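Here's the structure we're looking at; comments come further down.
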Amino acid sequence: MNLDDFFVARLAGELSDEQIAAVVAEHPEAAAFLDRLDAQRAALASEAVWAEPPIGLEDLIVAAVADDDRSEVVVPVSVDGGAPVDHSSPSADQSETSPSTHPPRSGRSGRRRGVRRRLVWSCASAASVAALMALVFVLGADQGNPPEVRVELAGTEHAPSARATAALHDTERGLRIELDLDGLVPAAVDHHYHGWLLVVEQPVSIGSFRSGEQGGAIVLWAAADIDDVSALMITLEPDEGPGSGTSPNVLHGEIYKD
Amino acid sequence: MTDPTVLERFRAGDAEAVRSVYRDHGRAVFAVALSALGDRSLAEEVTQQTFLKAWRAADQLDTQREVAPWLYTIARRTAIDVWRREALRTAQSYDDPDSSLTTHPALSTPAPSFEGAWDAHQVRLAVEGLDDDERAVVRLAHFEGLSHAEIATRLDLPLGTVKSRSHRAHRRLAARLAYLVEDSS
């Protein structure tokens, strides 16, 4: 067996210890390759090599660089929304970067710029979540600000002491969701929290986070039309799962529009 | 691997060139982050930050050289930054007398390990170079630990087809990864 064939067979895991020893006896230099080949085999068996990043991450990155003037310093900020370690340039816009599985939209500039301030009634959902009380304001763009919807989220039976306020901003990059949590304990080991919007009766992922007690707003993004959003919910998901929006809700708030 | 003209566009500020670079290297960057941090959501963040940092540092890119090691270096540093931030938050939470971390230690942040990150990066790139049918066989063999017979059953293929695909795939992988083996000697 020549060394090329040895590489292939070892990588494929097709050689017994005796066969390896025979090759090393014939080609002593092969002994130096064994650790590296084993490392490659270990990589082939690892989740890291086979895990797929979220489909929407590509569009999110392209949108982010398209919106970037290349002069800003990247400040890593997680969806937890806490203070970044690097304090060199913690501007608000730079702090908005957060993973999302949905791309922002484009071509929406000024679409709802003329929306006037109005108060939308609040109401409890009759059927879905008993603890739910959603107080919703749709704030217009009187001074050129993008429209904003505020939602109060109540804890469900899985997190009765938790509550949150969410502000949904319709921006040119997509729907920006600022989530201010209160009383939500950090997720248990191997679990994380996941945000969802209910858009035309379908759950749309807006990103995940691990803790609710670090303070500061969590910023999430979605590629949804604000007019189509009817509810915002936070679920507790296992880390290993793909996330489907069907895990138990811990927070839930509905958006009522007139 | 990535067309130098794409890298020229990337360097010149064509945002759509980022899409091409991401398609060639996004999975490998994600593999580095996931290998190092072991957390999918953090790996997503590292991947996003890596490409944004690369975009902002594109004037340092030598378009005549392979871009993968450059992206790996950025990803590695970004993973460390993200880990430091998470570790800081965990420490702050433990200092908080009202913290519930003692009963909910989900925010424990083990130090990132880059021991297998380079191999994960290079192997992922090599896997990307396989045909889809070859990649499926390799995945089932290594990640799911199936035998050739089990793969044949799973994919509803003749055993001989699975063996030939596996051999062809591993030969291509070995050729792609040979320089790593030779470097180690």
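So you know, we letter chains A, B, ... as the sequences are listed, proteins then strands, and number each from 1. No experiment lies behind these values; they were computed from the predicted model shown.
Note on B:T47, B:L34, B:V29: by heavy-atom pairs under 4.5 Å with chain A, the leading option is B:L34. With respect to chain B, the highest number of heavy-atom pairs below 4.5 Å among A:V62, A:I61, A:L44, A:L11 belongs to A:L44. Counting heavy-atom pairs closer than 4.5 Å to chain B, the top residue among A:A39, A:A31, A:A66 is A:A39. When each of B:R23, B:H121, B:R172, B:E144 is scored by its heavy-atom pairs under 4.5 Å with chain A, the top score falls to B:R23.
Within a 6.0 Å radius of CZ in B:R165, other residues, nucleotides and ligands contribute more than 12 heavy atoms.
In plain terms, the two heavy atoms of B:L130 and B:R135 that are nearest each other are O-NH2, 2.9 Å. The two atoms that bring B:A117 and B:V32 nearest to each other are O-CG2, 3.9 Å, heavy atoms only.
Of the two parts of B:V138, the backbone and the side chain both hold a non-hydrogen atom closer than 4.5 Å to a non-hydrogen atom of chain A. Heavy atoms closer than 4.5 Å to chain A are found in both the backbone and the side chain of B:A120. Both the backbone and the side chain of A:E52 come within contact range of chain B, with heavy atoms under 4.5 Å apart.
A salt bridge does not link A:R163 to A:D180: none of the charged nitrogens lies less than 4.0 Å from a carboxylate oxygen.
Within the 3.5 Å criterion, the main-chain N or O of A:D5 finds a donor-acceptor partner in the side chain of A:N2.
No close placement of the B:H148 and B:H167 rings is indicated, their centers lying 6.0 Å or farther apart.
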